[in-house]
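Position 1 is the first residue of the sequence, and the numbers go up from there.
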Amino acid sequence: VLEQLVRGLSLGKDTFTQGEIQRKTLQETIRILKSYRRKLKEYQCSDPKHIRVVATSAVREASNRIEVLDRIYTATGLSVEMIDDAEIARVTYLGVRPLLQNDAALADGLTIVAEVGGGNTEVLVLKGKDILHSQPYRLGSLRLQQMIMHSQTTRSRMGSIMIGQIDRTLEPLEDVVPKGRPVEFVALGGDMRFAARVLGVDLHESGLNRITVEDLDKLTNKLLLMTVDRIMRKYHLELSQAETLVPALLSNLRLAQL
């Protein structure tokens with residue numbers, strides 16, 4: 001890996017609240033992709049055959065997705081490929097497999113791997129190297145956040161409303177996880193890396209880090225009592241991350257507890 005660049009965008013927020021990607025968000029998308037093209041050019045990588053641009057549920061579920069993809073291609077010359085849930089699961093598995101194989105407790109055990117996204121939560125159930133179950137669940141931090149906004153509930157009830165929705169969505173998962181065996185839970189994503197850092201875990205560059213369910217529970221309950229504005233100021237987060245932090249951590253916590 002020569003370089004890794006990450007930029008946040010509110011594609012999912014547009015799609016999961018308004019059903020389509022807004023013009024302003026599309027302009028920002030194009031601006032970011034143009035900056036990536038310039039960076040690729042520095043590495044003498046400009047042939048589109050060697051560049052893969054993929055989009056997931058935030059674009060796939062947008063009513064104006066065709067218009068969005070056409071506009072991106074016209075402005076940047078990059079062709080965006082919408083990938084389905086099966087491809088996302090395959091890529092996730094390929095990415096996480098080396099980490100599992102390097103960990104004695106996970107190499108041959110029963111492991112649930114999950115990534116809570118804005119729209120969906122990808123879940124893999126593995127037994128050693130074998131995939132027992134692969135399924136996207138319609139559970140995402142942005143979907144949960146929007147549900148809370150529409151319910152106009154009090155801060156004290158937010159947690160219980162979200163837990164109810166999370167548990168209902170994940171109920172089918174309990175039927176596919178073999179009973180009577182110890183289960184390891186591996187959580188992916190920036191929200192869990194944030195939790196690990198706040199809990200004082202020294203993150204390894206190439207490996208997995210462990211945090212206890214109890215510690216994650218305490219942190220999530222603490223954050224539930226804080227406003228988005230306070231979370232932004234205290235932890236120096238962007239608005240887009242601060243808004244979805246609690247729903248994402250709560251989803252991971254409930255997965256671990258279940």
Does the side chain of Lys222 reach to within under 4.5 Å of the side chain of Val198, using non-hydrogen atoms? no
May I ask you to test the Thr76-Ile30 pair for a side-chain heavy-atom distance under 4.5 Å? yes
How about Val183 and Val177: do any of their side-chain heavy atoms sit closer than 4.5 Å? yes
Within the supplied structure, the quantity of interest is the number of heavy atoms (other residues, nucleotides, ligands) at a distance under 6.0 Å from Glu81 CD; does it exceed 12? yes
Quick one: are Leu223 and Tyr235 in side-chain contact, heavy atoms under 4.5 Å? yes
Reference residue Asp85; test side chain to side chain donor-acceptor pair (under 3.5 Å); the match among Arg90, Gln135, Arg60: Arg60
Which heavy atom of Tyr137 sits nearest to which heavy atom of Leu170, and what is that distance? CG-CD2, 4.3 Å
Measuring from Leu100:CG to Glu184:CD, what's the distance to the nearest 0.5 Å? 10.0 Å
Would you find more than 12 non-hydrogen atoms of other residues, nucleotides or ligands less than 6.0 Å from Gln101 atom CD? yes
Apply side chain to side chain contact (heavy atoms under 4.5 Å, CB included) to residues Ile231 and Val246 and explain how you reach the verdict. CA-CA 10 Å; Ile231 290 171; Val246 170; 4.2 Å; yes
Roughly how far, to the nearest 0.5 Å, is OG1 of Thr121 from CD1 of Ile166? 8.5 Å
Could you verify whether a donor N or O on one side chain and an acceptor N or O on the other, from Tyr43 and Glu3, lie under 3.5 Å apart? yes
Which pair of non-hydrogen atoms, one from Ser134 and one from Ile131, has the smallest distance, and what is that distance? CB-CG2, 4.2 Å
Does any part of the side chain of Leu26, heavy atoms only, come nearer than 4.5 Å to the side chain of Ile72, both counted from C-beta? yes
Say whether, by atom type as modelled, one donor and one acceptor occur between the side chain of Arg65 and the main chain of Ala62 under 3.5 angstrom. yes
Separation of Ile148 CD1 from Ile161 CD1 (nearest 0.5 Å): 5.0 Å
Does Asp108, at its CG atom, have more than 12 non-hydrogen atoms belonging to other residues, nucleotides or ligands within less than 6.0 Å? no
Kindly give the heavy-atom pair with the smallest separation between Leu5 and Tyr36, and that separation in Å. O-OH, 3.6 Å
Hey, any chance Leu199 and Phe194 share a hydrophobic cluster, counting ILVMFWY side chains that come within less than 4.5 Å of each other, even indirectly? yes
So which heavy atom on Gly190 is nearest to which on Gln241, and how close? O-NE2, 4.4 Å
Same cluster or not: are Ile163 and Val116 linked, directly or through other Ile, Leu, Val, Met, Phe, Trp or Tyr residues, by side-chain heavy atoms under 4.5 angstrom apart? no
Answer yes or no: is there a side-chain heavy-atom contact under 4.5 Å between Leu144 and Leu250? no
Could you walk me through whether Leu9 and Thr25 pass the side chain to side chain contact (heavy atoms under 4.5 Å, CB included) check? CA-CA 7 Å; Leu9 259 177; Thr25 310; 4.2 Å; yes
When you group the ILVMFWY residues by side-chain heavy-atom contacts below 4.5 Å and let the links chain together, are Leu219 and Met232 in the same group? no
Counting C-beta onward and ignoring hydrogens, is there a side-chain heavy-atom pair between Leu126 and Val186 closer than 4.5 Å? no
From Leu69 CG over to Met82 CE, what is the distance, rounded to the nearest 0.5 angstrom? 5.0 Å
Output, in order, the C-alpha distance, side-chain angles, deciding distance and verdict of side chain to side chain contact (heavy atoms under 4.5 Å, CB included) for Val54 and Arg52. CA-CA 6 Å; Val54 300; Arg52 190 182 189 199; 3.7 Å; yes
Check the hydrophobic clustering (I, L, V, M, F, W, Y; side-chain heavy atoms under 4.5 Å; chains of links allowed) and say if Val68 and Leu142 are grouped together. no
Side chain of Arg37, backbone of Ser46: donor and acceptor closer than 3.5 Å? yes
Side-chain heavy atoms of Thr56 within contact of Ile83, under 4.5 Å: yes
Asp217 side-chain N/O to Val213 backbone N/O, donor-acceptor pair under 3.5 Å: no
With a 4.0 Å cut-off on N to O distance, would you call Glu42 and Lys39 a salt bridge? yes
Assess whether atom CZ of Phe185 is packed by more than 12 heavy atoms of other residues, nucleotides or ligands within 6.0 Å. yes
Counting only heavy atoms not in Lys179, do more than 12 sit closer than 6.0 Å to its NZ atom? yes
Exercise: identify the closest heavy-atom pair between Phe16 and Ser57: CZ-OG, 3.8 Å
Quick check for you: to the nearest 0.5 Å, what is the distance between Gln165 atom CD and Ser160 atom OG? 12.5 Å
Give a yes or no on whether Val176 and Ile112 share a hydrophobic cluster (residues Ile, Leu, Val, Met, Phe, Trp, Tyr; joining criterion: side-chain heavy atoms under 4.5 Å apart). yes
Identify whether the distance between the nearest side-chain nitrogen and carboxylate oxygen of Glu28 and Lys13 falls below 4.0 Å. no
Nearest non-hydrogen partners of Glu115 and Gly189, listed with the distance: OE2-CA, 4.1 Å
Evaluate the salt bridge (Lys or Arg N to Asp or Glu O under 4.0 Å) criterion for residues Glu61 and Arg143: first the C-alpha distance (whole Å), next the side-chain angles of each, then the deciding distance (0.1 Å), finally the verdict. CA-CA 13 Å; Glu61 294 183 28; Arg143 288 195 208 272; 3.0 Å; yes
Stepwise side chain to side chain contact (heavy atoms under 4.5 Å, CB included) test for Met192 and Leu216: CA-CA 9 Å; Met192 287 301 286; Leu216 183 59; 3.9 Å; yes
How long is the gap from CG on Asn64 to CZ on Arg71, to the nearest 0.5 Å? 12.5 Å
